[in-house]
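Just so it is clear, the values below take in all heavy atoms, side chains as well, and ignore hydrogens, waters and symmetry mates. In the text below, chain A, chain B and the rest are named by the order of the sequence lines, each starting its count at 1.
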Amino acid sequence: MSTIILEGLNERQREAVTAPPGPVLVLAGPGSGKTRVLTHRIAYLIGELNISPASILAVTFTNKAAREMRERLDKLIGPELAERVMMGTFHSVCARFLRRDIGHLDRGRQNPDQARNFVVYDSDDQLQLMRQVLKELRLDEKQYPPRQILSRISSAKNELISIAEYSRYARTYYEEIISRCYELYQRKLIANNALDFDDLLVETVRLFDQHPDVLQRYQKRYAHLLIDEYQDTNRAQYTLVKQLASAQRNLFVVGDEAQAIYGWRGADIRNILQFEDDFPDAKVILLEQNYRSTQPILDVAQAIIVASRQLKHSKSIWSERKDGLRVRLIETYDEGEEARFVADEIERLRAVSGASLNDFAVMYRTNAQSRALEEALISRGVPYRLIGGTRFYERKEIKDILAYMRLIHNPYDTVSFERVLNVPNRGIGDKTRDQLIQWAASLQIPPYTALQLLASDQEEDQEQRPAPSMPFASRQRAALQSFVALLDELIAARDQISLPELLDLTLERVNYHEALVREYGPDEGEERWENVLELRNVSFEYINFPREAQLPTFLEEVALVSDVDSLDQRRERDRDAVTLITLHQAKGLEYAVVFLVGLEEGLLPHSRSASEMDRLEEERRLLYVGVTRAKERLYLLYAFRRAQWGRYEATAPSRFLADIPTMLIERGPARPVEMVRQTSLFTHRSFGSNQSLAPGGTKRRGRSLSTAGQKNTKEQPQPTRTARFFAGQKVRHAQFGEGTVVTSRVLDDDEEVTVAFPGKGVKRLLAAFAKLEHIKD
DNA sequence: CCATTATGTTTTTTT
DNA sequence: AACATAATGG
């Protein structure tokens with residue numbers, strides 16, 4: 001056995017890495033060396049079992065994870081072998097399969113070669129297309145918000161529900177409308193030779209389903225599958241995995257149900273919970289040792305997660321780093337003070353410990369929360385990097401140029417066509433555009449073909465009046481003709497020059513720099529131009545591809561690579577800066593110091609998730625993910641009031657905070673006294689004391705966070721029985737010894753008590769059953 | 001057709 | 001508060 005493959009792995013990790021081929025489920029707690037296990041597993045398959053790297057397919061959730069895995073594998077087995085392993089996200093892997101085989105599907109049957117040149121629509125493109133759909137169906141956008149319809153269609157696709165099925169099961173009028181939109185939307189996608197994100201998965205599943213011979217080929221080719229973040233797979237992804245794995249059953253999946261946070265986009269936690277039902281002979285391995293965080297941080301994480309009701313595999317994570325700083329809980333007046341606290345604390349810690357700014361991250365639920373933080377950091381001159389937000393590839397100027405590129409690649413793409421038609425302003429207004437579309441529709445040809453017709457017609461009978469079927473005044477005609485001339489020139493140049501040259505030619509021909517300055521003024525115009533130049537830089541990375549492959553490859557990667565892992569960020573990596581990031585994006589990352597801000601009702605849990613149990617539990621897991629990102633220090637923050645849509649609203653601390661035993665937390669106004677505002681203290685105290693009555697009418701004071709944690713007005717169901725246990729009380733359990741009550745819930749005939757036992761962890765018990773006893777202080 | 005103004009909407013999270 | 005779309009007037 002080559003030692004390097006197993007070096008530095010613990011017993012469990014080794015067991016996972018060296019498990020015989022066949023179904024394997026690795027339940028990996030946060031920080032338990034999951035990526036390590038995956039990479040070493042691949043190395044083991046190649047190095048020990050002599051499996052060809054080309055027959056291994058590793059699927060990750062983000063491009064970033066894929067890249068990281070590849071880098072680590074490089075070091076382990078060398079780049080020659082590593083690069084032959086197929087790695088990528090579900091979406092990018094499917095895109096590659098379809099690039100090759102989409103011709104087998106009916107949508108591509110007529111012209112397989114053209115079908116393979118499909119473009120991938122991002123959410124913005126989808127929106128534009130849906131607008132076209134609504135317009136055509138004469139539906140009011142107010143009544144049927146395109147986003148909402150898209151989200152319903154997306155859910156349907158994620159569940160592999162076809163148009164036929166959807167319309168068959170449509171029960172309400174609204175569903176009926178959606179099914180009609182679904183149908184036309186899909187027809188338009190095909191007409192534009194486009195696939196949306198969901199289609200990448202759905203069409204691949206369909207391909208495998210309808211063409212067993214094709215499936216068989218892929219099954220043979222990829223004899224060993226490894227899937228990361230299995231808890232976040234949706235129905236389509238799950239089906240795909242089963243299809244590919246069903247022949248050889250060499251399926252190695254890694255996941256953690258406690259970190260499932262993508263239910264809102266169709267991920268189904270049951271996929272991981274039922275793995276053993278799907279593969280009864282599966283080997284199941286638990287990775288519980290955490291190498292990232294100190295025990296005090298893990299205690300808080302554990303307290304949050306055990307209060308959940310849904311988790312099946314009880315994992316309890318632990319660390320050898322028993323001592324560490326207690327987690328701090330900070331209340332501030334508003335988001336401004338919250339941000340200033342964070343900025344000050346970063347500066348303070350940096351001064352005393354000499355830590356690098358890269359060691360700090362601030363995490364939040366919604367992107368909008370980054371603003372206050374940015375302001376505070378800017379005012380102190382602390383460099384930061386904002387992950388997500390308006391992504392690079394979603395910026396208008398970038399999308400405009402990309403739309404030109406896509407149109408050059410595929411002039412029948414109507415979404416790009418309409419986007420670019422009057423960018424920059426060339427005198428083709430809404431009316432002219434609609435006329436063109438109408439006219440094209442009446443001839444049953446794509447707008448681009450209609451334009452070509454217009455242009456050729458001009459040449460043939462010059463001086464003639466426009467044919468009656470062409471409803472354009474001469475000025476409009478001229479504008480349209482010059483547009484099509486431009487487009488045709490660029491298309492003609494496409495295969496003659498390199499991608500960067502093509503980009504430059506486009507920018508020059510549309511005078512884009514000048515247009516930006518004209519539209520946005522010199523300052524913002526230049527800033528946006530910088531972004532365009534950035535895109536130009538990216539284009540140089542494709543210069544070594546064969547000429548005709550440069551543009552398609554570029555477009556593909558741009559469509560599937562989000563900013564989290566974009567080239568933009570790659571260059572950023574060595575910059576010393578604080579990271580601002582959403583909780584979702586933070587999954588898989590780690591930082592020495594983490595600030596979790598905005599831990600308030602309505603934000604975490606988010607108000608749109610509060611109504612349903614499953615979504616609420618997902619919010620809890622999101623907090624769990626955030627907490628477990630921290631290696632050394634963790635700060636939990638909430639504000640007394642927060643501005644939303646330009647208006648301040650009083651807030652209540654997140655209910656999840658009430659699940660953390662007080663003794664695990666250090667509460668702290670770690671700010672100078674003069675910063676504490678009288679109003680804040682006063683109002684807050686009265687706010688809190690209103691709430692200090694427990695449901696049963698007994699006072700619960702001080703020791704529990706839950707005193708501050710309850711919402712004031714909302715209906716608290718009145719229990720029929722009075723609670724015997726309250727937060728902060730000391731209790732004794734026969735097996736676990738002495739502990740402190742965290743929360744208690746009265747059930748029909750018993751009481752469910754959550755108790756923190758020092759050294760034993762946090763347990764949920766039924767009071768009568770567990771024979772809990774009170775202890776006098 | 002375009003610039004200005006009025007009005008409405010947004011914020012959940014992402015491949 | 002910030003941004004996008006719709007309405008209005010030049």
Side-chain angles (χ1 to χ4, degrees), chain A residues 59-66 88-95 120-124 126-127 131 140-142 145-148 151 154 157-158 195-202 229 232-234 236-237 260-267 335 363-372 375 387-391 393-394 396 422 424-435 473 475-476 479 518-519 556-566 581-587 598 602-610 615-616 618-619 621-623 625-626 642-648:
Chain A
V59 183
T60 58
F61 207 63
T62 63
N63 293 294
K64 181 176 177 159
T89 62
F90 273 105
H91 292 85
S92 68
V93 166
C94 286
V120 178
Y121 273 3
D122 70 10
S123 47
D124 196 57
Q126 290 179 275
L127 197 63
R131 291 218 164 103
D140 183 10
E141 284 195 13
K142 295 272 157 49
R147 277 171 209 283
Q148 236 175 72
S151 115
S154 174
K157 287 185 177 179
N158 286 327
L195 278 78
D196 65 19
F197 279 127
D198 303 318
D199 283 341
L200 291 171
L201 307 173
V202 173
E229 308 280 15
D232 284 328
T233 51
N234 62 33
Q237 292 163 332
I261 55 175
Y262 283 98
W264 53 273
R265 75 177 208 210
E335 74 273 12
M363 302 178 185
Y364 37 80
R365 177 67 231 267
T366 67
N367 281 307
Q369 289 170 258
S370 70
R371 173 152 300 170
E375 280 170 14
I387 314 281
T390 29
R391 298 189 183 82
Y393 290 114
E394 282 170 17
K396 204 161 137 218
N422 198 30
N425 276 336
R426 51 170 72 89
I428 305 174
D430 294 354
K431 208 170 147 217
T432 311
R433 184 199 59 204
D434 285 349
Q435 274 173 2
R475 204 162 78 198
Q476 297 172 315
R518 181 155 30 89
E519 185 163 358
E556 168 121 352
E557 297 202 3
V558 157
L560 295 177
V561 167
S562 77
D563 215 29
V564 197
D565 31 50
S566 80
I581 192 169
T582 64
L583 287 164
H584 281 89
Q585 291 189 105
K587 186 159 77 160
L603 220 41
L604 191 81
H606 196 273
S607 51
R608 305 184 64 140
S609 300
R615 321 200 76 204
L616 195 67
E618 185 158 304
E619 301 281 309
R621 296 192 291 267
L622 200 48
L623 177 58
V625 167
R642 183 172 297 270
Q644 205 176 17
W645 294 332
R647 204 162 245 124
Y648 274 104

Without decimals, in angstroms, what is the distance between [X] [atom1] and [N] [atom2]?
X	N	atom1	atom2	result
A:Asp140	B:dG8	CG	P	14 Å
A:Leu604	B:dT12	CG	P	14 Å
A:Leu560	B:dT15	CG	P	10 Å
A:Asp434	B:dC1	CG	P	10 Å
A:Arg147	B:dT12	CZ	C1'	13 Å
A:Leu623	B:dT13	CG	C1'	15 Å
A:Trp264	B:dT14	CH2	P	6 Å
A:Glu141	C:dA4	CD	P	15 Å

With the criterion set at under 5.5 Å between ring centres and under 30 degrees between planes, would B:dT13 be stacked on A:His584?
no
Answer yes or no for this row: A:Tyr262 ring on B:dT13 base, centroids under 5.5 Å, planes under 30°.
no
Where the side chain of [X] is defined as all heavy atoms beyond and including C-beta, which of [options] is the nearest nucleotide?
X	options	result
A:Arg365	B:dT15, B:dT14, B:dT12	B:dT12
A:Arg131	B:dT13, C:dT5, B:dT15	C:dT5
A:Trp645	B:dT15, C:dA1, B:dT14	C:dA1

Suppose we call a contact any N or O donor and acceptor under 3.5 Å apart; does that hold for the side chain of A:Arg615 and the base of B:dT12?
yes
Are A:Trp264 and A:His584 close enough that their ring centers fall under 6.0 Å?
yes
Can you tell me how far the CD atom of A:Gln585 sits from the CE atom of A:Met363, to the nearest 0.5 Å?
11.0 Å
Under 3.5 Å, is there a donor-acceptor pair between the side chain of A:Glu619 and the main chain of A:Ser609?
no
Does a side-chain N or O from [X] land closer than 4.0 Å to OP1 or OP2 of [N], or not?
X	N	result
A:Arg608	B:dT12	yes
A:Asn63	B:dT15	no
A:Ser607	B:dT12	no
A:Arg371	B:dT11	no
A:Gln585	B:dT14	yes

Quiz item: cation-pi between A:Lys587 and A:Tyr262, 6.0 Å / 45°
no
If each of A:Thr432 and A:Leu622 is mapped to the nucleotide of DNA chain B with the nearest heavy atom, which maps nearer the 5' terminus, i.e. the 5' end?
A:Thr432
Go nucleotide by nucleotide along DNA chain B from the 5' end; which of A:Gly429 and A:Gln126 gets its closest nucleotide reached first?
A:Gly429
Is atom CZ of A:Arg147 surrounded by more than 12 heavy atoms (other residues, nucleotides or ligands) closer than 6.0 Å?
no
